[in-house]
Student: 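Could you have a look at this structure, given as structure tokens, before my questions?
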Amino acid sequence: MNSNKFSLGDLVFEIGCLLKKYEEGLAENNNNGKLLKTKQVLEQYPLLTQYGLEQAVREDKIPVIKRGKLNFYDSRDIETYIQNQKTSGSNCISEKIKYI
């Protein structure tokens, strides 16, 4: 058994270093993606409606994590979905011409 004694300050410092390493590992694994509840998604991405979000989940366009009655969404998945919904201006014009 090691007879080295640590002061309380040394222990707190070591715990702080371990927590910092843990947080850095999480940041690397997560790539800045956050899990958001449905309400948070609707607040942060105002162009999405609750119906539209639920429909995208039903159509497997946005993955969801279910925990009991709560749904959690990865912010990266939401942003990818929004990027995929963009259309170029030329596509919109040609669609309008078809229906005139």
Side-chain angles (χ1 to χ4, degrees):
M1 202 163 145
N2 193 351
S3 63
N4 291 341
K5 293 187 178 183
F6 293 100
S7 69
L8 182 59
D10 292 336
L11 289 174
V12 170
F13 180 77
E14 288 296 320
I15 290 171
C17 290
L18 289 172
L19 287 173
K20 184 175 180 179
K21 287 180 185 177
Y22 175 74
E23 288 175 350
E24 288 171 353
L26 284 178
E28 289 174 5
N29 292 337
N30 203 11
N31 293 331
N32 296 330
K34 293 189 278 184
L35 289 180
L36 304 170
K37 294 180 185 176
T38 303
K39 185 176 179 181
Q40 293 170 318
V41 170
L42 297 175
E43 288 172 356
Q44 287 188 1
Y45 302 97
L47 69 110
L48 290 175
T49 63
Q50 185 162 359
Y51 175 77
L53 185 61
E54 291 170 357
Q55 186 174 4
V57 169
R58 276 193 303 273
E59 295 173 358
D60 292 327
K61 293 181 179 177
I62 298 177
V64 64
I65 300 168
K66 294 188 175 277
R67 298 290 295 167
K69 293 183 177 182
L70 296 175
N71 291 338
F72 292 91
Y73 305 89
D74 189 327
S75 61
R76 293 172 295 179
D77 294 331
I78 300 295
E79 291 172 11
T80 301
Y81 173 74
I82 291 172
Q83 289 295 325
N84 292 338
Q85 297 303 306
K86 290 183 179 179
T87 59
S88 65
S90 62
N91 288 343
C92 294
I93 292 171
S94 64
E95 289 296 319
K96 288 180 182 178
I97 292 173
K98 287 181 185 177
Y99 297 108
I100 291 181

Student: Let me see the working for Lys66 and Val64 under side chain to side chain contact (heavy atoms under 4.5 Å, CB included), right down to the final yes or no.
Tutor: CA-CA 6 Å; Lys66 294 188 175 277; Val64 64; 4.3 Å; yes
Student: Tell me yes or no: between the side chains of Gln55 and Glu59, is some donor less than 3.5 Å from an acceptor?
Tutor: yes
Student: Return yes if a side-chain donor-acceptor contact under 3.5 Å exists between Asp77 and Thr80, otherwise no.
Tutor: no
Student: For a side chain to side chain contact (heavy atoms under 4.5 Å, CB included) check, start with the C-alpha distance between Lys37 and Asn71, then their side-chain angles and the critical distance, and finish with the verdict.
Tutor: CA-CA 6 Å; Lys37 294 180 185 176; Asn71 291 338; over 6 Å; no
Student: Check the surroundings of atom CD in Glu79: do more than 12 heavy atoms from other residues, nucleotides or ligands lie under 6.0 Å from it?
Tutor: yes
Student: Supply the atom-to-atom distance Asn84 CG to Ile62 CD1, rounded to the nearest 0.5 angstrom.
Tutor: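 Atom-to-atom, Asn84:CG and Ile62:CD1 are 10.0 Å apart.
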Student: Measuring from Asp74:CG to Ile65:CD1, what's the distance to the nearest 0.5 Å?
Tutor: 7.0 Å
Student: Give a yes or no answer on whether the side chain of Gln44 reaches the backbone of Val41 with a donor-acceptor pair at less than 3.5 Å.
Tutor: no
Student: Counting C-beta onward and ignoring hydrogens, is there a side-chain heavy-atom pair between Tyr81 and Leu48 closer than 4.5 Å?
Tutor: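 Side-chain contact under 4.5 Å: yes.
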Student: Is Leu35 reachable from Leu53 through a run of I, L, V, M, F, W or Y residues, each pair having side-chain heavy atoms under 4.5 Å apart?
Tutor: no
Student: Could you tell me if Tyr73 and Gln40 have a donor-acceptor pair between their side chains, going purely by distance under 3.5 Å?
Tutor: no
Student: Output the distance between atom CD (Glu54) and atom OG1 (Thr38), rounded to the nearest 0.5 Å.
Tutor: 7.5 Å
Student: Evaluate the criterion side chain to side chain contact (heavy atoms under 4.5 Å, CB included) for residue pair Leu36 and Phe72; output intermediate values, then yes/no.
Tutor: CA-CA 5 Å; Leu36 304 170; Phe72 292 91; over 6 Å; no
Student: Please check if atom CZ in Arg58 has more than 12 non-hydrogen atoms from other residues, nucleotides or ligands closer than 6.0 Å.
Tutor: yes
Student: Set out, in order, the CA-CA distance, both residues' side-chain angles and the distance that settles side chain to side chain contact (heavy atoms under 4.5 Å, CB included) for Leu42 and Thr49, then state yes or no.
Tutor: CA-CA 7 Å; Leu42 297 175; Thr49 63; 5.6 Å; no
